[in-house]
Every structure is written in C-alpha cells, then in structure tokens.
Amino acid sequence: MASQHNTKPATDKAKYVGRLDTPQGVRLELARLYTECRRGTVDSTHGYRLSLMLGQLTKVMEVADLADRLDALETASKSPLRRLA
C-alpha cells in the first residue's frame with residue numbers, strides 16, 4: 001500500500017546535515033530543523049520525527065559520556081597511588 005503522507009520531491013542539491021557526533025552539533029541541527037519547520041520548507045510531521053531521532057542521539061551521547069567517566073573513576077580508584085592519598 002502506498003504511503004499516505006505527501007513527500008516533497010528531492011532537489012538536485014542535497015541537504016547539508018551538520019556533524020551529529022557532539023551535543024553541540026545535534027543542537028545546531030535541531031535549531032536548523034526548527035527553523036525549516038517554521039518556514040514551511042519541512043513538513044511539521046516529518047520535522048517532529050526527525051527531532052525525536054535527534055533527541056535519541058543526544059541521550060545516547062550522554063549515556064556514553066557517563067559510561068566513559070565512570071570507567072575513568074573506577075580505573076583511578078584502582079590505582080595504587082590513589083589508595084595512598
């Protein structure tokens with residue numbers, strides 16, 4: 001069955017997507033997406049779905065950062081020099 005939502009035809013120029021490997025990059029992309037939704041160049045339903053994905057990327061980055069910090073703390077607490085202090 002065909003999709004029930006309308007999609008805009010692809011343009012010759014590919015859309016630029018910023019770097020999404022840092023929270024700041026995701027923040028900038030989310031701001032760009034918001035602006036495009038407000039201007040009407042991106043359908044709000046599509047924009048909403050993309051914003052959810054960007055939110056998930058941010059959560060994954062936060063969890064990965066916390067895991068790295070926890071590993072560093074655990075490693076530091078096992079160091080013989082730390083026990084003497």
Side-chain angles (χ1 to χ4, degrees):
M1 178 178 226
S3 174
Q4 294 187 9
H5 59 81
N6 295 329
T7 57
K8 293 183 181 183
T11 61
D12 292 337
K13 182 180 178 184
K15 284 194 173 222
Y16 172 78
V17 176
R19 293 186 59 154
L20 301 178
D21 57 348
T22 64
Q24 294 80 13
V26 174
R27 179 182 56 83
L28 291 172
E29 182 65 17
L30 192 56
R32 185 194 61 77
L33 178 61
Y34 174 81
T35 302
E36 288 186 1
C37 286
R38 292 290 300 206
R39 288 181 181 156
T41 56
V42 171
D43 178 60
S44 62
T45 302
H46 186 64
Y48 175 72
R49 290 176 181 157
L50 291 173
S51 71
L52 291 178
M53 286 186 247
L54 289 168
Q56 290 298 316
L57 280 173
T58 302
K59 288 179 186 178
V60 167
M61 283 184 240
E62 290 171 352
V63 169
D65 181 55
L66 289 173
D68 291 344
R69 290 175 181 224
L70 181 60
D71 286 343
L73 286 172
E74 289 173 344
T75 301
S77 71
K78 292 177 185 176
S79 172
L81 295 177
R82 294 291 294 171
R83 284 188 227 150
L84 296 175

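T41 places no side-chain N or O within 3.5 Å of a backbone atom of C37 that could act as its donor or acceptor partner.
Distance check: R27 CZ to T58 OG1 gives 10.5 Å after rounding to the nearest 0.5 Å. In this structure, the separation between CG on D68 and CG on L73 is 11.0 Å, given to the nearest 0.5 Å. Within the model, atoms CZ of R32 and CG of L50 stand 8.5 Å from one another, a figure rounded to the nearest 0.5 Å. In this structure, L30 CG and L20 CG are separated by 10.5 Å, a value rounded to the nearest 0.5 Å. Atom-to-atom distance recorded for S51:OG and H46:NE2 is 10.5 Å, nearest 0.5 angstrom.
Inter-residue side-chain proximity for Q56 and K59 is flagged as met; some heavy-atom pair is nearer than 4.5 Å. Side-chain atoms of L28 and Q24, non-hydrogen and from C-beta on, never get closer than 4.5 Å to each other.
In the hydrophobic cluster analysis, where Ile, Leu, Val, Met, Phe, Trp and Tyr join through side-chain heavy atoms closer than 4.5 angstrom, M53 is grouped together with V26. Cluster membership for M61 and V17, using ILVMFWY side-chain heavy atoms within less than 4.5 angstrom, is shared.
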